[in-house]
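Below you'll find the structure, written out as structure tokens, and then a few comments.
Note that these values count all heavy atoms, side chains included, but never hydrogens, waters or copies made by symmetry. We name chains A, B, ... by the order of the sequence lines, and we start the count at 1 in each one. This one's a predicted model, so the numbers in the text were calculated from it and none came from an experiment.
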Amino acid sequence: MDQRRAKGLVGQLMELALGADAGNKDQPDFLGLDVELKTIPLRRDGRPKESTYVCSISLPKMADREWEDSIVWRKLKRVCFVPIESERAIPLPDRRVGGGFIWSPTDDEVAALRADWERLAAMIARGQIDEITAHLGDVLQVRPKAPNAAAKRMTLDTDGAPRWANPRGFYLRARFTEQIVARALA
DNA sequence: GGCTGATCATTA
DNA sequence: TAATGATCAGCC
């Protein structure tokens with residue numbers, strides 16, 4: 001199977017298998033439980049292979065939104081993580097699924113997430129969206145999230161002036177999810 | 001190997 | 001069309 005053409009398939013199969021019901025809305029996957037479902041790709045050594053996508057960014061809404069009301073926090077305060085074997089050489093049907101577990105960030109993790117989020121939100125609010133790179137953030141990072149690099153979406157400046165920007169999304173660094181998985185297995 | 005920026009399938 | 005689900009590919 002061509003893995004290049006099956007990127008989101010694993011996640012969607014899990015949603016189907018576990019009965020997630022939010023569809024492609026900007027809300028937690030399990031509406032009644034307020035729990036977000038995420039798969040984590042693991043290599044043979046049991047460490048995460050990739051960073052984990054959290055959500056897309058609504059540029060205009062970042063400016064006057066507090067951390068407690070942010071989409072990132074709403075999604076991350078309770079997550080059902082499901083580790084999945086993801087070596088590129090293993091065919092999709094042969095991949096093993098690990099035991100899923102419900103996770104909530106510890107106080108330290110919340111503090112780290114919040115610090116990164118507030119710094120990034122401040123940059124967005126100041127109209128520095130094009131200066132944000134994936135280098136920023138200790139645990140949370142901002143990366144392109146678009147069909148291709150040429151895609152632009154209309155957004156609003158802090159002054160209310162329209163401008164074009166590349167769509168972005170929030171991601172959890174692999175080092176962060178590695179700690180989560182390690183703690184869950186301990 | 002780790003990280004960053006780019007890209008792909010499917011659905012409402 | 002735009003949002004969801006992530007992984008790919010190349011530079012360091």
Side-chain angles (χ1 to χ4, degrees), chain A residues 1-31 34-62 70-72 74-76 79-98 100 116 120 123-124 128-156 162 164-182:
Chain A
M1 182 183 291
D2 189 347
Q3 300 302 141
R4 283 177 301 178
R5 304 196 175 281
K7 293 187 181 181
L9 186 59
V10 171
Q12 305 198 333
L13 283 174
M14 289 310 300
E15 291 188 339
L16 180 64
L18 298 177
D21 53 7
N24 62 344
K25 296 194 205 53
D26 197 7
Q27 301 173 42
D29 294 306
F30 298 99
L31 294 178
D34 203 28
V35 168
E36 171 76 7
L37 177 66
K38 296 253 159 278
T39 59
I40 298 188
L42 297 183
R43 299 181 312 214
R44 285 196 196 287
D45 60 9
R47 298 170 58 205
K49 195 177 78 169
E50 298 280 355
S51 50
T52 300
Y53 167 66
V54 178
C55 66
S56 56
I57 299 175
S58 173
L59 290 318
K61 287 182 183 174
M62 290 297 295
S70 70
I71 297 171
V72 174
R74 275 187 10 222
K75 288 207 173 194
L76 294 184
V79 183
C80 177
F81 282 112
V82 180
I84 295 188
E85 189 176 37
S86 296
E87 287 291 336
R88 207 175 297 187
I90 304 174
L92 208 50
D94 295 339
R95 294 186 182 183
R96 290 173 296 174
V97 178
D116 285 341
L120 294 165
M123 289 186 70
I124 294 171
Q128 298 176 308
I129 180 66
D130 291 320
E131 295 173 39
I132 294 178
T133 76
H135 295 274
L136 298 174
D138 294 326
V139 297
L140 197 62
Q141 61 180 167
V142 170
R143 308 237 298 278
K145 184 71 173 72
N148 55 65
K152 299 291 182 194
R153 288 241 1 236
M154 178 74 82
T155 182
L156 293 182
W164 295 100
N166 196 287
R168 314 294 179 103
F170 281 115
Y171 291 76
L172 294 178
R173 288 189 181 279
R175 272 180 294 189
F176 186 66
T177 52
E178 180 179 348
Q179 297 304 311
I180 295 173
V181 172

Under the ring-ring contact (aromatic ring centres under 6.0 Å, His included) test, residues paired with A/Phe30 that sit two or more places apart: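 By the ring-ring contact (aromatic ring centres under 6.0 Å, His included) rule, A/Phe30 matches no residue at all.
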
Listed partners of A/Phe176 passing ring-ring contact (aromatic ring centres under 6.0 Å, His included), at least two apart: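 Here no residue qualifies.
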
Scan A/Arg47 against the nucleic acid and name what it touches under 4.0 Å (heavy atoms): base, sugar-phosphate only, or nothing.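 Sugar-phosphate contact only - A/Arg47 comes under 4.0 Å of backbone atoms but never of a base.
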
Strictly under 4.0 angstrom, non-hydrogen atoms only: write out the protein contact profile of nucleotides 4-12 of chain C, one letter per nucleotide from the 5' end, B, S or -. BBBBBS---

Of A/Ala150 and A/Arg43, whose nearest nucleotide on DNA chain B comes first from the 5' end?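 Here A/Arg43 is the residue nearer the 5' end.
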
Going by the rule side chain to side chain donor-acceptor pair (under 3.5 Å), which residues pair with A/Ser51 if we only count those two or more places apart in sequence or in a different chain?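 Testing A/Ser51 for side chain to side chain donor-acceptor pair (under 3.5 Å), a comparison that skips the adjacent residues, returns A/Arg143.
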
What pairs with A/Asp34 under side chain to side chain donor-acceptor pair (under 3.5 Å), at least two apart in sequence or on another chain?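 So A/Asp34 forms no side chain to side chain donor-acceptor pair (under 3.5 Å) with any residue.
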
Whether A/Tyr171 side chain and A/Ala174 backbone form a donor-acceptor pair below 3.5 Å: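 Not confirmed, A/Tyr171 side chain does not pair with A/Ala174 backbone.
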
Sorted by number, the residues of residues 131-142 of chain A with heavy-atom contact under 4.0 Å to DNA chain B: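 DNA chain B contact set from residues 131-142 of chain A: A/Thr133, A/Ala134, A/His135, A/Gln141.
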
Residues that A/Asp138 engages under salt bridge (charged side-chain N to carboxylate O under 4.0 Å, His left out), provided they are two or more places apart: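 Not a single residue meets the salt bridge (charged side-chain N to carboxylate O under 4.0 Å, His left out) criterion with A/Asp138.
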
A/Arg96: salt bridge (charged side-chain N to carboxylate O under 4.0 Å, His left out) partners, not counting sequence neighbours: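 Result, salt bridge (charged side-chain N to carboxylate O under 4.0 Å, His left out) vs A/Arg96: A/Glu85.
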
Heavy atoms of chain A, cut-off under 4.0 Å: which first and last nucleotide of DNA chain B, 5' to 3', fall inside that, if you could look?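 Nucleotide range in contact with chain A: B/dG2 to B/dA12.
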
Name all pairs fulfilling the side-chain hydrogen bond (donor to acceptor under 3.5 Å, both in side chains) condition that reach into residues 37-49 of chain A, sequence neighbours left out, sorted by first residue then second.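 The answer is A/Glu36-A/Lys38, A/Arg43-A/Asp45, A/Arg47-A/Glu178.
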
Check side-chain contact (heavy atoms from CB on, under 4.5 Å) between A/Asp130 and all other residues, then give those that pass, not counting sequence neighbours.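 With sequence neighbours excluded, A/Asp130 shows a side-chain contact (heavy atoms from CB on, under 4.5 Å) to A/Arg163, A/Arg168, given in chain and number order.
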
Pairing residues for A/Val82 by the side-chain contact (heavy atoms from CB on, under 4.5 Å) criterion, not counting sequence neighbours: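 Expected list: A/Met14, A/Leu18, A/Leu37, A/Cys80, A/Ile84, A/Val97.
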
